[in-house]
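Owing to the predicted nature of the structure, the values given are computational and were not obtained by experimental measurement.
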Amino acid sequence: MKTLRDVKIGETCTVVKLHGEGAIKRRIMDMGITKGVEIYVRKVAPLGDPVEITVRGYELSIREADAETIEVQ
């Protein structure tokens, strides 16, 4: 299983499934990260946390733990 955390800087991926449950999953979906949406990885902080992405035309920073719950292809 490949997660958003595994995607390299400058690559684009498509969301396959959101893992996690309850409030965490809901928060990720509220940010516009849903099944089938394309995500472009812009930057990763020097220590790997957070990850800066572009999704649905806007920029977003998400924590490494949240990135690991997003399955991509």
Side-chain angles (χ1 to χ4, degrees):
M1 176 181 86
K2 182 178 177 182
T3 66
L4 183 58
R5 188 69 198 98
D6 302 321
V7 180
K8 305 284 184 248
I9 296 170
E11 291 182 349
T12 301
C13 60
T14 304
V15 177
V16 175
K17 184 177 181 184
L18 296 176
H19 297 278
E21 46 198 70
I24 296 167
K25 186 174 181 179
R26 180 82 248 164
R27 186 167 42 86
I28 290 170
M29 291 176 73
D30 287 346
M31 290 187 279
I33 301 171
T34 55
K35 184 178 175 183
V37 76
E38 283 196 347
I39 296 176
Y40 172 74
V41 178
R42 298 192 65 228
K43 296 181 202 168
V44 177
L47 297 176
D49 197 19
V51 179
E52 189 174 312
I53 61 174
T54 300
V55 59
R56 297 183 189 265
Y58 68 95
E59 285 144 24
L60 179 66
S61 291
I62 61 171
R63 295 182 296 216
E64 184 177 18
D66 292 341
E68 289 174 350
T69 66
I70 303 168
E71 184 179 341
V72 298
Q73 64 179 13

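- Around atom CD of E38, no more than 12 heavy atoms belonging to other residues, nucleotides or ligands sit under 6.0 Å away.
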Pair up each side-chain donor or acceptor in residues 42-50 with any protein partner under 3.5 Å, not counting sequence neighbours, and list the distances.
unit_1, atom_1, unit_2, atom_2, d
R42, NH1, E52, OE2, 2.5
R42, NH1, E59, OE1, 3.4
D49, OD1, E64, N, 2.6

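- Grouping the Ile, Leu, Val, Met, Phe, Trp and Tyr side chains by contacts below 4.5 angstrom, directly or via other members, places L60 with I9.
- Applying the side chain to side chain contact (heavy atoms under 4.5 Å, CB included) test between V72 and each of K17, M1, K2 identifies K2 as the sole match.
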Next on the checklist: Evaluate L4 against V41 for side-chain contact (heavy atoms from CB on, under 4.5 Å), listing each step before the verdict.
Outcome noted: CA-CA 9 Å; L4 183 58; V41 178; 4.1 Å; yes

Item to check | side-chain contact (heavy atoms from CB on, under 4.5 Å) between R56 and V37, intermediate numbers included | outcome: CA-CA 8 Å; R56 297 183 189 265; V37 76; 3.8 Å; yes

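- Contact record, C13 with V7: SG-CG2, 3.8 Å, taken as the closest heavy-atom pair.
- Within 6.0 Å of CZ on R27 lie more than 12 heavy atoms contributed by other residues, nucleotides or ligands.
- The hydrophobic cluster containing V15 also contains V55, counting ILVMFWY residues as joined when their side-chain heavy atoms lie under 4.5 angstrom apart, directly or transitively.
- Nearest heavy atom pair, residue L18 against residue M29, reads CD1-CG, 3.4 Å.
- With rounding to the nearest 0.5 Å, the separation of NZ in K35 from CD in E71 is 10.0 Å.
- Between atom CD1 of residue I62 and atom OG1 of residue T69 there is a gap of 7.5 Å, rounded to the nearest 0.5 Å.
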Next on the checklist: With side-chain contact (heavy atoms from CB on, under 4.5 Å) as the criterion, how do T54 and I39 come out once you've worked through the C-alpha distance, each side chain's angles and the decisive distance to 0.1 Å?
Outcome noted: CA-CA 6 Å; T54 300; I39 296 176; over 6 Å; no

Next on the checklist: Could you walk me through whether D66 and I24 satisfy the side-chain contact (heavy atoms from CB on, under 4.5 Å) test, starting with their C-alpha distance in whole Å, then the side-chain angles of each, then the deciding distance to 0.1 Å, before giving a yes or no?
Outcome noted: CA-CA 8 Å; D66 292 341; I24 296 167; 4.1 Å; yes

